[in-house]
Structure formats: C-alpha cells, structure tokens
There are 4 protein chains.
Amino acid sequence: MKDEEKDTGRIEAFSDGVFSIAITLLALELKIPHSVEGGAEGLALALINQWPSYLSFVTSFCTILIMWGNHHEVFRFVRRANTGFMLANGFLLMLVTVVPFTTALISDYLNKPGAVVACAVYGGVFVLISVAYNLLWYAAVKDRALLRSGVPEQVIRKVTRNYRLGFPLYLLATAAAFVSPLVTIGICTALWVFWVFTMRRGGAGIHSF
Amino acid sequence: MKDEEKDTGRIEAFSDGVFSIAITLLALELKIPHSVEGGAEGLALALINQWPSYLSFVTSFCTILIMWGNHHEVFRFVRRANTGFMLANGFLLMLVTVVPFTTALISDYLNKPGAVVACAVYGGVFVLISVAYNLLWYAAVKDRALLRSGVPEQVIRKVTRNYRLGFPLYLLATAAAFVSPLVTIGICTALWVFWVFTMRRGGAGIHSF
Amino acid sequence: MKDEEKDTGRIEAFSDGVFSIAITLLALELKIPHSVEGGAEGLALALINQWPSYLSFVTSFCTILIMWGNHHEVFRFVRRANTGFMLANGFLLMLVTVVPFTTALISDYLNKPGAVVACAVYGGVFVLISVAYNLLWYAAVKDRALLRSGVPEQVIRKVTRNYRLGFPLYLLATAAAFVSPLVTIGICTALWVFWVFTMRRGGAGIHSF
Amino acid sequence: MKDEEKDTGRIEAFSDGVFSIAITLLALELKIPHSVEGGAEGLALALINQWPSYLSFVTSFCTILIMWGNHHEVFRFVRRANTGFMLANGFLLMLVTVVPFTTALISDYLNKPGAVVACAVYGGVFVLISVAYNLLWYAAVKDRALLRSGVPEQVIRKVTRNYRLGFPLYLLATAAAFVSPLVTIGICTALWVFWVFTMRRGGAGIHSF
C-alpha cells in the first residue's frame, strides 16, 4: 500500500514534467520577425501582424493549463495505478506533447488558405485528448479498484458526466473549422472560460469538459 | 487539510518546472555565428559582436531567477490554493514562458532601428508580470483565507507595499525605451541588483518587484 | 540509511526530468509544412506526406515511455545508490537524450535512399540502451548490496532474464534495417506492444526487453 | 527549522530542473544531415563526419552529469540556504545553461580555423563554473552557518581542497586551446574520468573539479 502511493507520486512527477515542458514549448512558436525594414514602425507592424501566433498561444496555454488542473484532480481521487491507467495516462501525455505542433500549425496557417485543415487538426487533437481523459477516468473508477476510499458515488457520476461532455464539444470545434477557422478557436476559448466559471462556482469537484 | 497541502505541493512542482524550463530556454537564443571568415580572429569578433545577446540573457536570467525566488516565498506563506490563486498563478506562468521570446527580440534588435519597440515589448511583459504577482498576492491574503496561520499582519503589509512598487518601476522601464533602449535594460538590471541588496539586509520577508 | 533514501529520491527526480524532457522533445521533430501551395488540399496532402514523422514519433514515444516505466520499477527495488549504479544510470540517460535525434533521423530518411543507415542507427541506440539497462540492473543486484530487503530471489532472476532478452531483440531490429527499414520500426513497435500485453497479464514484476 | 528544510527542497527541485533540461538540450546540437547525396553510403559518411558533435556531446554530458552529482552532494551537507548561497547557486545555474551553447560552438568549429577561440570559450565557461562551485561551497561552510550538524571538520577541508583544484585545472584546459583545441577536450575528458575513479575508490566525500 505504501509502495503504491509512492508509485502514483512518480507518475505524477513525470506527468507534471511533460505538462510543464509542453506548456513552455508553446512559446517557442512565437517567432522573431527577421530582417524587418522601416525601423521601429516596421517592427511594430511585423509584431502586430503575428496576431494569429498570440491568439493560438493563449488558447493553447489556457487549455493545457486546465488539462493539467484536471489531471491533478483525477490523481487526487486515485490511490494507486494499474496497467490500463498507466496506458491511458501515456496516451494522454503523448497527445499533450503534440499540442505545440498543432498550435504552431494554426499560427502559421490561420491567415492562409490552409486554415480549414490546420484548425481541423488542432481541434482533432483535442478530441483525442478528451478520449484519453475518458479512458483515464474509466480506468480509475472501474470497480473502484484504484480509487481512494470514501469518494462519494455522486461525485464520480458528476465527473463522468463532465468528461463525457468534452468529447462532443471538441468534436463540434473540429467540425466548425469547415465553417470558419476562427470559430474553432472561439469554441476552444469558450470551453476554458466556461471551465473557469464553473470552477469558481463549484466546490472541490472535478471540473472538466 | 492534509490534501490541501499536497495540492500546493503539486502546483509548486508544476510552477518550478515552468520556471526552470523558461530560464534554461533563455540560453537557446545564444546563436552560433555561422560561416565566419577570417579564422580565429573572425570568430572572436563575431562572438564579441553578439554582446546584446549576452546582455539580454544575463538580465532576463537574473530577473526570472528573482521572480522564482519571490514565487517561492509567496508559497511559503500559503497553506492552500483556490481558483483565483490558481488563475493568477497560471497568468504569471504564461507570462514567464514569454520572456525567452522578448529576450530574443531585444537581443536581435538592440543594435537596430527597431530597438525602441523591442525594448518596450520587453518591459511591457515585465509590467504584466508585476500585475500577475499583485493578483497572486491579493488572492493569497484576501480575508487571510489561503494563508498559513501565524503570519504577522505587518509582514503582509510590507510584502504588499513591495509588490505594489514593482508595477510603476517596470512601467518606467518600459517608457524609458522611448528615450533610450539601453535605459530599459539598465532599469531592469538595477531592479534585480537592488533586490539582491535588500535581500541581504532584510530578514525572512518577501522582497520583490 | 535515511540519507541514502533521500539520495535515490534526487536521482529519480533528475532521471524523471531527463526522461520527460526527452519524450517531450520528440514532438519538436514534427515540422510545419512551409509555403505549401494549393490551399487546404495542399496542406492536407503535405501533412499526410509526413507520415514517417508520425510513425517514428509514436514508436519512439511509446518506447521511451516503457523505458521510463522500467526505470521506475528498477528504483522500486533499490534502496540506495553506489558509483557503479550512478554511472550506469548516467550512461542510460545519455542514450535516452539521443533518441529524439535518431527519431528525427528516421523521420527524415525513411522515404529516401539513406533509410538503411538511419534505421540501423535508430536500432543501434536501442541496443546500447538495453546494454545500459543490463548494467544498471547488474549494479543493483550485485551481492544484493543496493536492493531493499525482502526482494525474492525468483523475482530477481525473472527480471534478469527479461532484461537479457532485450539485447538480442534490439540487435535483430538493427540488423533488420539492412533487409527493410520498416521492419526495424515494426520490431520496435512489436516490442512495446508485447511489453504492454505481458504487463497486463503479469503481476507486480519488472517487465522489459 | 522545518521551513528551512522545505526551502532547500525547492531549491534542489529547481536546480535539478535546470540541470536536467540543460543536459537534455545538449542533444539538440546533434544535427540531421540534410539533402545528402549518394544514398546510404552518403548518409553514413555525413554522419561520421559529424564526429566533433558526438565528441563534444559526450564530453559535455559527462561533465554536467558530474557537476550535478557534486551539486547533489553539496546539498547533502546543507541544512538551509541564505542569500549568498542562493546567489552562488543562481550564478552556477546560469553558467550550466550556457554549456549547450559552448558545446554547439566547439562541435561547429572543431574542424575549422576558429577552433582555438571556440575551445577557449568552452574551457572558459568551465573555469567560471568552478569559481561558482567554490563560491557555493564557501557560502555553505562559512561559520558552519548552513551546514547540518555533525559534518566532520576534515571532510570539509578535503572538499574545499578538491574544489580549489578544479579552478587551475580548467584554467589549464582553457589555455591549452592555444596549443591544440583537442587538448582542451582531452583535459575535460580526463577530469571527469579521473573523478569517476576517485569516486569509486573514495567513500562518501565530495569529489569534484
């Protein structure tokens, strides 16, 4: 039992490492405008023209931050890990490390004809991440084998419902790319803003999509 | 209560991760001079001509290091986290990850016509960071809800005063860019040097800008 | 004794750091297609044509994840470290940081004439990693000097056998590059898939190649 | 007292983060040969021609690893931190993050006329690091204010002597660049190999340069 607690500790440390590196690498996609002409005004303009970079950076940063928060809360309920739980966690981490790539993709293509594809890929990775969260949570609550004792049934049901909601909403964000790429980013933004408000209102439960 | 302590622990670990990655990524802006002519002398000259890189690297490194120290001290006063505190912390971390970008910006443009804009952006991010610190501290001390018991009122008041000071000083550094870009960096350097001296003299309080 | 436990803690933290950074850097090899023509279709095609990147990313991510899991399990058996153990661990970490390089190599050359060499290098690093694991494990179990008390002899023997198996299998994967580069990746994939199945079936032992 | 122990814990975690990121970033200087002609043979040749990269990678990795080990051991003796200690630690970490830059420098220029300058810079940073270690150790042992109780005087004296030795030896390595660049790397290699042998022979003392 003591060993098992130690186990979760190291999985958390490893996951925290991956989350914090992925979230910091997001800023690497902010590019310095090179060989700008026109002095100060030219640089100011070049920086302003990079607005898709800033928009996608903020959206991805906030989304990963909230995912980390959710990850954190799942582990508060969990006492130990098994193989299924570790695989779901690994699948989740793999997708999280891909977010800097998809973020760079939309920041490059939001202004260009390829925007539809870029946003669909961006949203698609979040759909997969919501699948990974559902798998992680399913592995945690199945037969209550990994849960700490004393977690009330209604909390589990509420969290399950919240996680299930994330999948169709991110699917909607992905589909929205074919209407307008900015709608995809708008829905992603709405999701983390909504999460923050729920969290403010709510108690100690898990808040997620 | 025990759970809450664990919570702060994982927020600290995640924040430490982001701080340590951002501070290490600063060195990535040090570029190798490519295809230098003139042998050893040529390389030496090319390296010396990169002095804006070294200057901005050292300034940013020391500033982030002191910010980490301040972060560290805020968490020494704090017993648990709530939503407002976590959001302020997230906002702070987002800005910290941007520092390698603004550092690369000034190291590229300090010698060029765009220097004014580059330094204003560099200073502007530090203004926002001092806002984030004030929000974090405000969330921590509000109604003493998150504080550990036994923190004396006068320490809180002193820390509040110190944090409030940071905002106008970094605003000054930003405005100074329009006079001379090097003044911005000079003020930032003065701020962390001053901080070190205050720390040496002071006791266990929080010293920050 | 207490000190020694603390020691292992910091080695684990450092190793976790290296593993989590190396695994996150894998995603940096996913490149944004630049200056694509043909609008959305063009970008979609360019992204699909990068399939060797995705294949090598997934293979390397899963392999490093399982290596981290094995590392984790070795440290569960170990009570303290000595010089040999630390050197074997350092050798292992050095090779793990090289995996993003070899992964980028195969993702660049899988479609090109150099594929044989790229895949041989990719497999060769895994051969060396399996050597490092054997050295680490040998240092741990030698005279049972570093082991926690109460680890049954048969568990040690089983783990030793499993680790020994990894060396010839990765050697086979390396040699397979000269038949067909995709076979190398196929064997690497088979190895981590097989590991997952063994883990599901098995108990709390160490499962590795 | 308890607070102070927690303090050192977070400094160690932050330092471990910086060390593990810096050591992993070393591998980023290993470049993929682009647009190689001549198929498999061409790629093999291009990879072999990169030998200065591998040599400098291994040298820097082993040196940073041993520096981390030394850092680790200093903190075993230390009970709490003060301002001087934290500044020395910050200075040390700043220099450690620069090592990937100096490593990339020698791996680019070892074959070219600029090799003398590149190796002098590479050695110079190690000279500064040995200064930082001496400052850190001096801050730790001064008046025994930060030391844990029960550290024998002779251990302190032995460690002090070892650290003092590092400075002239790295100075020699730097000066050697003007004779032959490879001698610089040779001395650096000799230093960490020698360290490993001392460690094997020695007991629990600090072994360092």
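Sequence lines set the chain letters: A, B, ... in the order given, protein chains first and strands last, and positions in each chain run from 1.
- In the model, B:T103 has no side-chain atom that pairs as donor or acceptor with a side-chain atom of B:E29 under 3.5 Å.
- Contact of D:V121 with chain B is made through the side chain alone, with heavy-atom distances under 4.5 Å.
- The residues B:E153 and B:R144 are annotated as salt-bridged, a charged nitrogen and a carboxylate oxygen being separated by less than 4.0 angstrom.
- Heavy-atom distances place both the backbone and the side chain of B:L30 under 4.5 Å from chain D.
- Heavy atoms of B:L47 lying under 4.5 Å from chain D belong exclusively to its side chain.
- Remark: aromatic rings of B:Y54 and B:F61 are distant, center separation not under 6.0 Å.
- D:A118 touches chain B through backbone and side chain together, each having a heavy atom under 4.5 Å away.
- The most heavy-atom pairs under 4.5 Å with chain B, out of D:N82, D:D108, D:L28, come from D:D108.
- Nearest heavy-atom pair, B:A115 versus B:P181, reported as atom, atom and distance to 0.1 Å: CB-CG, 3.5 Å.
- Looking only at atom types and distance, the side chain of D:H71 has a donor-acceptor partner in the side chain of D:N89 under 3.5 Å away.
- Ranking B:A40, B:A27, B:A44 against chain D, the residue ahead of the rest is B:A40, based on heavy-atom pairs under 4.5 Å.
- A ring-ring contact (aromatic ring centres under 6.0 Å, His included) with B:Y170 holds for exactly one of B:Y163, B:W192, B:F126; it is B:F126.
- Heavy atoms closer than 4.5 Å to chain B are found in the side chain of D:L25, but not in its backbone.
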